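Have a look at the structure below before the remarks.
Below, read A as the first sequence line, B as the second, and so on, with proteins coming before strands; counting in each chain starts at 1. Not measured: the values here are computed from a predicted model.
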Amino acid sequence: MLRLHDTATRTVRPLELRDPGQVSMYVCGPTVYDLPHLGHGRYALVFDVIRRFLLFCGLDVRYVSNVTDVDDNIITRAAAQGRTEAEVAFEFEIRWWEAMDALGVLRPTVAPHATEYVADMVTLVAELFDRGIAYETADGVYLNVEQVDGYGLLALQPLESLRIGARVEATDEKRSPFDFAVWKKAKPGEPSWDSPWGPGRPGWHTECVVMALDLLGEGFDLHGGGRDLAFPHHENERAQAVALEKGFASHWTHNGWVEVEGEKMSKSLGNFNSLTDLLERSDPRAYRLLVLRSHYRSPIEVTAETVADAEKGLERLDALARRFALDDLLARAPGGFVVLGRDAAQQANGAAVERFVAVMEDDLDTPGALAGIFELVTRAHVSADEGRDEEAAALASTVAVLCAALGLALRAETGEVDPASAGLAQARDEARAGRDFARADELRDELVARGWTVEDGPTGTVIRR
RNA sequence: GGCGGCGUGGCCGAGUGGUUUAGGCAGGGGCCUGCAAAGCCCCGUACGUCGGUUCGAUUCCGACCGCCGCCUCCA
């Protein structure tokens, strides 16, 4: 079984399933008030890979990831742009899914919206209120964290030590500095819903509790997100569940940061920290490879260099795909899901698959998994060079299967060739046949000038983009 | 102030108490090729500093230096 780091216990331990054969996971989704950034892309990729690996291992996965479509940031953005909150949320949610699709991130099984759950959230807040754990202030309803057992579990430090450095606003009516809003009273012009405390909107930390419990049930298996969500967001989700005496996530997993050229990320690189922008200016698969190349809990550096480096790694995989005419298994699979599970893959090259599974099960060691895949690439070429075609084909197809398990698409196609370029390629073959190499080289230069990469294959000139 | 993480060869990035290497990219040499490209083979003898434990540490312990993050909305 997959062993993953669990933030609550600070250990790597097996993911224990509530229902055998069935994984229930909740990953905190975006607040849709702006374009997704690189950090969004990383968490989405990390948990996509966890999901795909579990699928590869033959498990059913119910993957719930929310969209926060009401929140302070959206309100601020809408006001600044003279639009409604709904318009802002709608626009950026579209941009979000565009980016996810480009990254090859599987759509969640369910992607609930906060605004669809307001009534349930009011019910939850009322219950917290009735239990005396939440209290009303001038601007909302707060949960008193001092009444929650084990508060500070995910912050990885006791409540007392949190207090020392806490910044407490002087005007705060809060009973404890870490008390958080479960309901925010609306100011004039803000979107609002009715509640026993007057018109308002739910606090951010409330939506995930309600939606996770509704869509996955108590005691679901895995809750994930970026490292920064551990505290206070996940801590506060958990606090509400504990206050209500409901079983919540069994396992908490958080991924590390994205760093962009040190501290001056956006300054020197323009919009480079926008995921949308990165996806436009590089092969979208490169970001997946870049993310997979380091451990999910380590910080990663995203620079023009590391992205270019990843693109070259991709080229090596694609070259194998071309040589062996490997199918892009993801393109053929319905919904981009892994089609070949572990059992089927076993037939390709059992030892390699077992090694892959072993390293992946060890806290998602994707760098190790990639190392194994690249070794298979070399072995496939060697086998083919030495004429062991069957073995070579098996090795190459193993590469395809394992790449698919990681969500990495392989490209064997060479791109659409226009008639003029095809003509040049043919002319070059004719020149070469007549041993007019000067002419052949001229034609190659011309093709290169048109943006093609030119290779001589067994059947003549092959051009590709 | 409290807490946590990191520091590996030109770059990215794993890993381990010693004997055999991660892997990728770049670079050098060779094979193949009309020349290239792709591919294959070979090469660099790395582990922040100072101590300690040990027969032996990059890997364990301690101190120190440096970098980063969290404690506040944040993936």
- prompt: Quantified in whole Å, what is the C1' atom distance between nucleotide B/A63 and nucleotide B/U53?
  reply: 15 Å

- request: Tell me what A/V454 touches on the nucleic acid: a base, only sugar-phosphate, or nothing, going by heavy atoms under 4.0 Å.
  value: base

message: Is the phosphate of B/A36 approached by A/T461 (side-chain N or O, under 4.0 Å from OP1 or OP2)?
response: no

- prompt: Within the pair A/R316 and B/C40, is there a side-chain N or O less than 4.0 Å away from OP1 or OP2?
  reply: yes

message: The side chain of A/T378 is closest to which nucleotide in this list: B/C35, B/C40, B/C68?
response: B/C40

query: Are A/F248 and A/H223 near enough that their ring centres are under 6.0 Å apart?
result: yes

statement: Closest to the side chain of A/E375, out of B/G34, B/A22, B/A75, is B/A22

message: What's A/G29 touching, base or sugar-phosphate or nothing? Going by heavy atoms closer than 4.0 Å.
response: nothing

query: P atom, B/U58 versus B/U19: distance in rounded Å?
result: 10 Å

message: Of the options B/G4, B/G34, B/C40, whose atoms approach the side-chain atoms of A/V382 most closely?
response: B/C40

query: Nearest of B/C35, B/C25, B/A22 to any side-chain atom of A/A371?
result: B/A22

- request: Answer with base, sugar-phosphate or nothing: what part of the nucleic acid does A/D456 contact at a heavy-atom distance below 4.0 Å?
  value: base

field: Separation of the C1' atoms in B/G18 and B/G13, to the nearest angstrom
entry: 24 Å

query: Counting N and O atoms only, with roles assigned by atom type, does the side chain of A/E207 sit under 3.5 Å from a partner on the main chain of A/Y117, one being a donor and the other an acceptor?
result: no

- prompt: According to the Watson-Crick and G-U wobble definitions, with both distances under 3.5 Å, which nucleotide is paired to B/U58?
  reply: none

message: Measure CH2/A/W257 against C1'/B/C68 and give the value in whole Å, please.
response: 11 Å

- request: Sticking with atom C1', work out how far B/G56 lies from B/G17, rounded to a whole angstrom.
  value: 8 Å

- request: Starting from C1' on B/A75, measure out to CG on A/L35 and report it in whole angstrom.
  value: 15 Å

query: Between A/N255 (CG) and B/A75 (P), how many Å, whole number?
result: 11 Å

- request: Answer yes or no as to whether B/G23 has its base stacked against A/F374, where stacking requires a ring-centre separation under 5.5 angstrom and planes under 30 degrees apart.
  value: no

message: Let's see if you can work this out: which of B/G24, B/A14, B/A38 has an atom nearest to the side-chain heavy atoms of A/S294?
response: B/A14

Residue closer to the 5' end of RNA chain B, A/A155 versus A/G372 (nearest nucleotide): A/A155

- prompt: Looking across every strand, which nucleic acid part, if any, lies under 4.0 Å from A/R428 by heavy atom: base, sugar-phosphate, or nothing?
  reply: base

- request: Verify whether the ring centers belonging to A/Y63 and A/Y26 lie closer than 6.0 Å.
  value: no

query: How far, in whole Å, is B/C67 from B/C61 if one measures between their P atoms?
result: 24 Å

message: Distance check, P atoms only: B/U21 and B/A46, in whole angstrom units.
response: 12 Å

message: Distance check needed: B/G13 C1' versus A/L290 CG, whole Å only.
response: 11 Å

message: Which nucleotide wins on minimum distance to the side chain of A/R444, given the candidates B/C25, B/C35, B/C41?
response: B/C35

task: Mind checking the CZ-CE spacing from A/R201 to A/M121? Nearest 0.5 Å is all I need.
output: 12.0 Å

- request: Round to the nearest Å and state the distance from A/H381 atom NE2 to B/C40 atom P.
  value: 5 Å

- request: Counting heavy atoms from C-beta on, name the nucleotide in B/A75, B/G39, B/C25 closest to the side chain of A/V258.
  value: B/A75

Strand partner of B/U53, provided both Watson-Crick or wobble distances fall under 3.5 Å: none

- request: Indicate the ring-plane relationship of A/F231 and A/Y151, choosing parallel, tilted or perpendicular according to the 30° and 60° boundaries.
  value: perpendicular

- prompt: Whole Å only: how far is the CG atom of A/D363 from the C1' atom of B/G5?
  reply: 15 Å

statement: Considering only heavy side-chain atoms of A/E455, the closest of B/C35, B/G34, B/A38 is B/A38

- line: Between CG of A/D309 and P of B/G24 the distance, given in whole Å, is 11 Å

task: Specify whether A/F324 and A/H381 have parallel, tilted or perpendicular ring planes, treating 30° as the upper limit for parallel and 60° as the lower limit for perpendicular.
output: tilted

task: Determine the interatomic distance between C1' on B/G24 and the same-named atom on B/G15; round to the nearest Å.
output: 16 Å

Atom P, compared across B/A26 and B/C47: separation rounded to whole Å: 25 Å

message: Return whichever of A/D365 or A/A438 has its heavy-atom-nearest nucleotide of RNA chain B closer to the 5' end.
response: A/D365

message: Is it true that, when you exclude A/Q81 itself, more than 12 heavy atoms of the residues, nucleotides or ligands shown sit nearer than 6.0 Å to its CD?
response: yes

Complementary nucleotide of B/G10, counting Watson-Crick and G-U pairs under 3.5 Å: B/C25

- request: Give A/H295 one of three labels, base, sugar-phosphate or nothing, depending on what nucleic acid heavy atoms sit under 4.0 Å from its own.
  value: sugar-phosphate

task: Ignoring hydrogens and angles, tell me if any N or O in the side chain of A/N255 forms a donor-acceptor pair with the backbone of A/Y296 under 3.5 Å.
output: no

field: Interatomic distance, A/R379 CZ vs B/G39 P [rounded to whole Å]
entry: 18 Å

task: Could you check which of B/C73, B/G34, B/C40 has an atom nearest any side-chain atom of A/D441?
output: B/G34

message: When both hydrogen-bonding distances must be under 3.5 Å and the geometry is Watson-Crick or G-U wobble, what is B/G1 paired with, if anything?
response: B/C71

task: Looking at every strand, decide which applies to A/R322 at a 4.0 Å heavy-atom threshold: base, sugar-phosphate, or nothing.
output: nothing

Residue A/F231, side-chain heavy atoms: nucleotide from B/C71, B/A75, B/C41 that is nearest: B/C71

field: Centroid-centroid distance, A/H5 to A/W252, less than 6.0 Å
entry: no

task: Check every strand shown and say whether A/R42 touches a base, only sugar-phosphate, or nothing at a heavy-atom separation below 4.0 Å.
output: nothing

query: Across the strands shown, which category fits A/R432 at heavy-atom distances under 4.0 angstrom: base, sugar-phosphate, nothing?
result: base

- line: Partner of B/C40 under the Watson-Crick or G-U wobble criteria, both distances under 3.5 Å, comes out as B/G30

